[in-house]
Structure formats: C-alpha cells, structure tokens
Amino acid sequence: MKTRLKVFFPLGLLVVLVLLLPITVMIIASFQSADGSFSLENYHQVVSTRYYTEAIRNSLAISLVASVISLIIAIIGAWALTRLAPKTKNILISLFNMSSSFAGVPLAFSLIILFGNAGIWQALMTALHLPRTFEIYSLSGTTLAYTFFEVPLGIMFLFPVFEELNPEWKEISSVLGAKPMFFFKKVIFPVVLPNIVEVFTLLFANAMGTYETTFALTGNSLVTIPTLIGTLIDGGLTANVPLACTFATLFALFMTAIVWLGNRVTRSKREVKA
Amino acid sequence: MSPKASTRVARGIITFLFIYLATPIVVTMIYSFSTSWVKTILPNGLTLKWYSELVASPEFMAVLLRSFSLGLLTTLIAMACFLPVVFYANVYNPQVKSHLRFITVLPFTIPGIILVTGLIQLYAELPIPKIIILVLAISLLSLPLTYQALDNAFIGRDFRAMFEQALVLGDSPFKAFVKVIIPNIRAGVLVAMLLTFTSAFGEYVLTNLLLGGNFETLKIYMYRLMRSNGQASSVLTTIYFIFLAFISLILILIMQHYSAPHKSTKEGAKK
Amino acid sequence: MQSDFLQIQGLGITLSGNNIIKDMSFKVRRNTLTTFLGPSGSGKTTVLRAIAGLNTEVSGKILLDGEEIQSRSANQRNIGMVFQSYALFPNMSIFDNVAYGLRVQKKSNDVINKEVMAMLQTVSLTNKKDAYPDQLSGGQKQRVAIARAMVLKPKLLLLDEPLSALDAKIRVSLREQIREYQQKLGITMLFVTHDQGEAMAISDDIVVMNEGKVQQQGSPMAIYAQPENVFMAQFIGNHNLLTGTQLQQLGLTTASGQSLVADTHYVVRPELFSPEATPEATAIAGQMTTCSMLGDRVQYHFMSDAKLPLKVELLNHSEPLKIGVPLTLYLDPAAVHPVGPANAE
C-alpha cells in the first residue's frame, strides 16, 4: 500500500492541481452571476442570446460535416494502408502522425497561402476567368481545414483495428462458399462498426474542441464555441470568465457523454465476444 | 478484385492522400523561398533573404529558447508523473491499467480551451506564477500521449518476470528497477519523451490564453508574424515543419532499430 | 529430518481480494525433485510464487530447512526461481545474466568468473557466454535461466512451467537434463507443470493440486496405481471408471475379497487386462468394437456381454485381436482399485 501511494503521488498531485480543482471551480463559476451570487443567468444567456446559439450551431455543423467526411476518407485510407509493405506502413504512420501535429497556426497559414484572398487558388481562378467559388475564411473553408488533421487522426485510430482483422476469416468464408459481399456484410462490418462509431465520436469531439486552427484562420469572424470561449477570456472589455465557464461546463458535459457513449458501444461488443 | 489490383488501388489512394495532406506544406515551403508571391500562379523569383532575416532577428532565438524550455520542463514533469505509474501497472498490478483508461480520452472530453477557463478562474487571483500553472497544465494535456508511448515500451517482454527474477536473485526493488527495467525500456522512454517534447514545443491554446500572449513561444510568434509579415511566417512554418520531420525521422529510426529483436521473445512473454 | 526440508503449513493466499488458496499443507523432501502437478488455473503458480515471496498477502507457515521464511522478502529467502518466460535480462550477455546473483552478493571477480564458467559448462553453454538472450533458441534460453538460478546454490529451486514455451522434442530432452542437474548438484527442486507425462518422468514425488487443494501426494508409482479419489483417477493416465454395481455385472471382485460397494467408484487401468488366463484372474466375455494403433501399444474398445464398454490397451507384440469376434479377457482382482464415492464429477 505504501509503494502504491508513492507511485501515484506525482500524477495524483498533477491531476488535482490542474484538472480536478480547476474543473470544480469552473462548474461553480458557471453558476455565478455578474454580482457574484448564485444564479442560472449564464445558462439562460447561452440559450437565449442569438450570437451564442449561432456559435453552438456553427460548432456542431462544422464538426459534424468535417468528422463525417474525414471518417469516410480515413476508412478508405486505413484500409489502403493495411495493403502496403510493413516498412512503408511504419513510415507512413509516422508521417500521418506528423501531419496531425501540423494542425493549428501553421496549417491555417498554409491554407491562407493556398486559398486566401491573395493566394494561389484565387490567382488560378482569375487567370482562368472563373468566378470566386471558394472562400477559406467561411464555414465551408473551416470545415475543409479541419479535414487536414481529422483525416490523419482517423487513420491512426482505425489502422490498428483494420490490421487486426484476421485474413484467415476471409479464406474460411470463401471456402465455405460465401461471396465477398456476404463476407463483408456478415463478418467485417459487424466487427468493425463499433470501432468506427468510437472513432467517429473521437473525431467529432476533437473537431468540437478545436480552437487554434479556427482562430488562426478566421480571427473572430467565424464564431464557434471554442473561439467564443477564447473571446470571453481574452476580450478585454467584453471579457466574462464566468460565462466562458458556463460554455466550458456545457461542453465538457456534452463531450464526456458522447465519448462515454462511443466507448460503451465498443466495450459492450467486446464483452459479448468474450 | 485480385490482391495485386487491390494493392495498386491502395497505393493510388495513399498517394492521393499524401498529395492532399502535403500540398499546404509544400506550398508554404515554396512561399518561404519566394521573393514575392501575391495573386500569381507561380512565385516571381526565389531567394534565401527571408531565412537570413528571420534567423538573424533576436526575437527568433528568444522564442526558440522559450519553447524549448517549455518542452523540456513539460517532458520532465510528464515522465516523473507517469514512469512510476506505468511501471507499477505493468510489473505489480496490471488491473490498474483499466482505471487509467480515462486519461486517454481526456484531451477529447476536456480539451485545452475548456480547461483554460477553470485554470483562469482558479489561479488568476492567486499569487502563483502563471508559468508554473502553464507547465503543469501542458503536462496534464500531454499525458495521454506520454502514457501510451510509455505503456508501449512494456509490450513484448515479460517485465514482471524479469523484475521478480532480479528480486529472487537477491536485489532490492530499486536496484532491480535500475539494472533490469530501465535499460530495456530506454527506447520506449525516449520515444515518449520526444513525443511529449514535440507536443509541448508547439503548444498554443494554453500559452496564449493563460499568459495573454506575454510569453511569446513559437506558435504565438508564428501567429503574430502571420498577421504582419507573411514571408517571415512562412520561413518559421517551414523551420517548424523541418523540426517535426526531423523528430519523425528519429522516431522511425528508433522503432526500426529496436523492433526487430523483440519479435523473437514475444512467444516466451505470453502468459 | 529429511522429510521436513520444505514444509507448507496451513497456507492461505489472497490475490486482489479473492481468497485463492485456503489452508494448504504439503512437504518436500531434501534433495528430491518434487513436481507440483495440476490442470491450468488450479493455483500451482500462485503457491510457487508465495514460496518465493512474490505474493504479499499470505497466511500460514512456510518452513525451509527448519526456518520460518514466510515473513522474509523475496530477496532474502535464498530460493532460486525459473520462470516460464525465461525472464532473461535482454540487456546483459549470457555470462552477465548468470553472474547477476553473484554480483548482487558482491563476490570477487575471480570467484564470479570461476563459478559462472563452471555453471555454463554444466548446462553446455560455454560457447555462448558472450551472446545475448535474443540470439539464443528457447531451449538454450531456459538453460541459461536454470544456470542463473543454480549458480547461487539456492536451498530450493522453484521451476514454474519451465518447459511449456518449448517444442515437444526439446521439452523431453531438457526435462531429462533438469533431472540430471538436480541429481548431480544435489539441489532440492519444486517443479510446476500441467503435463502429467513430464511429472511422471522426472519426479521423486508428485503433489497433485486442483481447485486450490492438494488432492494427493506420493511417488509417481503410487499416484498412478493408487489414486485416492475420482479426480486423481481421471487426471492421471487412461482409465476405466466403474461403480460397484457395474463391476458386479462384470462378475468382478476386489483383491482382498471385500464386497463391492454399489455407489463407490473403482478404477481399472486399461493395460491391466490380458487376453491370457491366469489362476487368479476373472474372465470377462465380449468383443472388441474398435482398435487404434498407438505405436508401442494398441488401444481397443471392448464391449462386454453385460453391455458395459471398457477401454483396453495391449502391448503391440503379437497379431492384433480381431474386431467383432467373441473373445474373453482376463483381469486380476488386484487391478481393481477403489477411489471413493462419485462426488467429484
């Protein structure tokens, strides 16, 4: 028991200082009105102010679209990755890992060079006398930006799942006379589906929590929950930390529920298997 | 689809993905070597001017130093928090692992932008240097990465039996840890340290919001340059990219060097 | 006292809240190789780890050479241990692996050199002294692990399924080598295995364990010929398990002429039937239904006229018996061994 205490002390201290205490304070502050008394005023503001509901709508829309598109590309990409030679696989995984850590300011900047007002894409469109069709600072532009880190992330989550599928299953299935489609529907799909659901929840949560890329790309012109929280903390005169805490509390609650649900899907499947 | 054809399709898909993900990076690199590249399809000319300008600026070195120290401190704290726990979970009590699972989803349920609200609310008025809180918070958010990388170091060998064998041969637990465990998880620990360092080195959200931009690290500097001087920012982005590529290369080399002999022992390690 | 070298008295073990072993007692004699035999999951390894000092929650007494050791930590028991996964230190050469314990004891380099080389000689690995564990085959690795434990001349050497990760052929040759080392160096060994053939082949004594309890302890011969309960009869060797009623239907009696108890089980080993009559033997009429070749022996299924199937094994030295032809088998009543009521099933 004594060793156990010593072993967990540094981690425990860290978790208490910068996770448990701040989260508790965050939740308490979310119920704090302008004069410091307990009230539900902040929560009321979140649902009744148009600007705030827009932030929530934007966040949900971007995250949902970006994670669905990225998930589809990631499924295809992860499958393709399993077909390559082992050495190539390892190198590519490291590259995907790297490109997902390229997210944020560098990614936003690169995309502005590519698609920005003075960027190459616009020059190309002007040269070809085509109308300006695509705006990187918009909702759809931000969604595109998210796919640049969501796709590699999705591949890294899904690759181990696909890699574990037993190639003998396919052989057995065809020996038993099943067509590839039948095999896919009856074996691969049921095994992989829970993992895909779990990966989807993680991609969605990751998109919902993205601040750096959105902020660097659009400044404060496109409002999402994270950039709104950023403004509420950082915004000088308009700063309102308790309101930021309200958003954060709602966010944490919602995301914990979603990730927990995603986790449950895989876990209950595994228990049935065992 | 024959296996050969499907491999060809797979190669095509990966090549496409690669181009898609690499294009912004490549464009930024070319931009950093361009004399000017505004509203044209190709740059006007090539130059190294922007590199010499940025590297010569005193800000650049100061920024690197700040990010480097942040990365180093975070790595040390993350190791101090997790090395004992991961060792304990793998050698004494594997059941602990299921309780540590919550850590792996932490950055998804409570990302930096959420955590920062609580940190500001709690520590804004307290007389504790914000930089300490920053380092601790970055360490916390890097934990999933550190944890997984460290845990991977224990795969492939029966460390529990090795540790117990050293005890039975008469060593104390601490000496057994130093003589038998540490030398055999070196590679994994190194990987964990590199990953943790990289993530802290490129931290933006917490540093910016917690310290209000007063502590100018790499990403904050990059953002400031991006709004004022595109060329300089592209140089910094390229340098950052080369740094990431370099770290990836080291990781690939470590994995290739250490993964080969492990396979022969896998069978013996099964319990 | 020779029989008291290792004594386990009322041992209880709790693992993560579960009381796995309750009130277990057995003994190991000095300079013998005792096997701890039982099916997987019977708790053998847990007991072995408790003897080595690797479980923390242990009650009862463990006496080694007259001293109580249950409260000593693992590094102060002077007990050697060999693990199933070899547990060689991959960062050290074979020499350094074997020298590990001697270095902990701060022996001089001369002594270390001499003793390690002598030990490597014993396990025929002198030419591998500078190699690293990952360069060795499984059998070689396990010999290094055994050498590493034996070089400290432990009072007791514990071996936890040391052969189960190896190929069948190496398994047989290494188990003979272990027996040889044990006799040559005069070490007391406690050897855990789930393989009854292994246990039979190398042991002086066998302790059979199931569901956390010692079922029987004795020489291989006694364990085989006189199983004390139904579990033992079924676990060791091939068998015919018959109730008293069934034996009566076959016209059999026991050796001492005791009357058969209807609901008691009796075991009859299949190789004890004979096609030739002897004065004491009882005749059983019937016919063979199947026949399978085992190499040195032939195994038959025999259907008696009383409609009771029996397993029969005969040495493969003459024409095999014909299938489906009426014939008579003979069984000495001494071969019928009572094993107690039928509760274990």
Side-chain angles (χ1 to χ4, degrees), chain A residues 7-8 10-11 14-15 17-19 21-23 25-26 29 76-77 80-81 83-84 90-92 94-95 97-99 101-102 104-107 109-111 113-114 118 120 122-124 127 148 151-152 202 205-206 209 211-212 216 226 229-230 233-234 241 244-245 248 251-252 255-256 259, chain B residues 6-7 9-11 13-14 17 21 23-25 27-28 31 38-41 77 80-82 84-85 88 105 108-122 133 136-137 139-140 198-199 202 204-205 209 212 219 222-223 226 233-234 237 240-241 244-245 248 251-252 255-256:
Chain A
V7 159
F8 283 94
L11 177 66
L14 186 75
V15 167
L17 277 183
V18 288
L19 183 67
L21 282 178
I23 293 296
V25 169
M26 173 187 93
I76 299 168
L81 200 55
R83 311 285 317 183
L84 302 180
N90 284 335
I91 293 174
L92 280 167
S94 300
L95 288 179
N97 189 11
M98 185 175 79
S99 73
S101 55
F102 200 64
V105 178
L107 175 69
F109 178 63
S110 301
L111 291 177
I113 294 176
L114 249 180
I120 299 147
Q122 298 304 353
L124 200 68
F148 279 90
V151 168
L202 292 181
N206 187 51
Y211 169 76
E212 193 184 336
I229 291 175
I233 290 173
D234 212 12
V241 178
C245 288
F251 184 100
M255 283 308 137
T256 308
V259 171
Chain B
S6 78
T7 307
V9 171
R11 278 208 199 115
I13 290 168
I14 292 293
L17 269 177
L21 294 173
T23 304
I25 299 168
V27 167
T28 310
Y31 193 83
V38 179
K39 296 194 177 175
T40 52
I41 298 168
I77 291 175
C81 289
F82 252 126
V85 171
Y88 181 84
V105 293
F108 296 101
T109 53
I110 307 194
I113 186 69
I114 300 308
L115 187 62
V116 79
T117 61
L119 289 172
I120 285 187
Q121 182 71 25
L122 176 60
I133 302 301
L136 292 179
S139 307
L140 179 87
T198 316
S199 82
Y204 176 79
V205 183
L209 291 175
K219 284 275 190 78
M222 198 186 280
Y223 181 69
M226 174 182 150
S233 182
S234 69
T237 308
Y240 179 60
F241 171 75
L244 289 181
S248 302
L251 290 178
I252 292 171
M255 282 178 219
Q256 279 178 354

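None of these values were measured; they are calculated from a predicted model. Below, chain A is the first sequence line, B the second, and so on; all start at residue 1.
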Tell me, for [X] versus chain A, whether the close heavy atoms (under 4.5 Å) come from the side chain, the backbone, both or neither.
X      : result
B:V105 : side chain
B:Y31  : side chain
B:P24  : both
B:S234 : both
B:F82  : side chain

For the interface with chain A, which of B:G202, B:S233, B:S248 has the highest count of heavy-atom pairs at distances below 4.5 Å?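 Highest number of heavy-atom pairs under 4.5 Å: B:S233.
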
With chain A, which of B:V116, B:T198, B:V205, B:T23 has the greatest number of heavy-atom pairs at distances under 4.5 Å?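 Heavy-atom pairs under 4.5 Å are most numerous for B:V205.
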
Using only atom types and a distance under 3.5 Å, with no angle test, would you say the side chain of A:E212 pairs donor to acceptor with the backbone of A:V105?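 Yes; judged by distance alone, with no hydrogens or angles, the pair exists.
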
Going through the distances and angles, do B:L119 and A:V25 end up as a side-chain contact (heavy atoms from CB on, under 4.5 Å)? CA-CA 8 Å; B:L119 289 172; A:V25 169; over 6 Å; no

Looking at every non-hydrogen atom in both residues, tell me the closest pair between [X] and [Y] and how far apart they are.
X      : Y      : result
A:L202 : B:F108 : O-CD2, 3.4 Å
A:G230 : B:L209 : O-CD2, 4.1 Å
B:I14  : A:G77  : CD1-O, 3.8 Å
B:L115 : B:L140 : CD2-CD2, 3.9 Å

As a quick check of understanding, evaluate side-chain contact (heavy atoms from CB on, under 4.5 Å) for A:F102 and B:T237, giving each step before the final call. CA-CA 9 Å; A:F102 200 64; B:T237 308; 3.8 Å; yes

Per-residue contact mode, [X] against chain B (heavy atom under 4.5 angstrom):
X      : result
A:L17  : both
A:Y211 : side chain
A:A252 : both
A:S94  : both
A:V151 : side chain

Please check if the distance between the ring centroids of B:Y223 and A:F109 is under 6.0 Å.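 Here the rings of A:F109 and B:Y223 have centres that are no less than 6.0 Å from each other.
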
Select, from A:V259, A:T256, A:L14, the one with the greatest count of heavy-atom pairs under 4.5 Å involving chain B.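 Option with the greatest count: A:L14.
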
Winner by heavy-atom pair count (cut-off under 4.5 Å) against chain B, out of A:P106, A:A127, A:A205, A:G209: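 Ranked by contacts with chain B, first place is A:P106.
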
Which value, rounded to the nearest 0.5 Å, describes the distance between A:S99 atom OG and B:I25 atom CD1?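 Atom-to-atom, A:S99:OG and B:I25:CD1 are 6.5 Å apart.
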
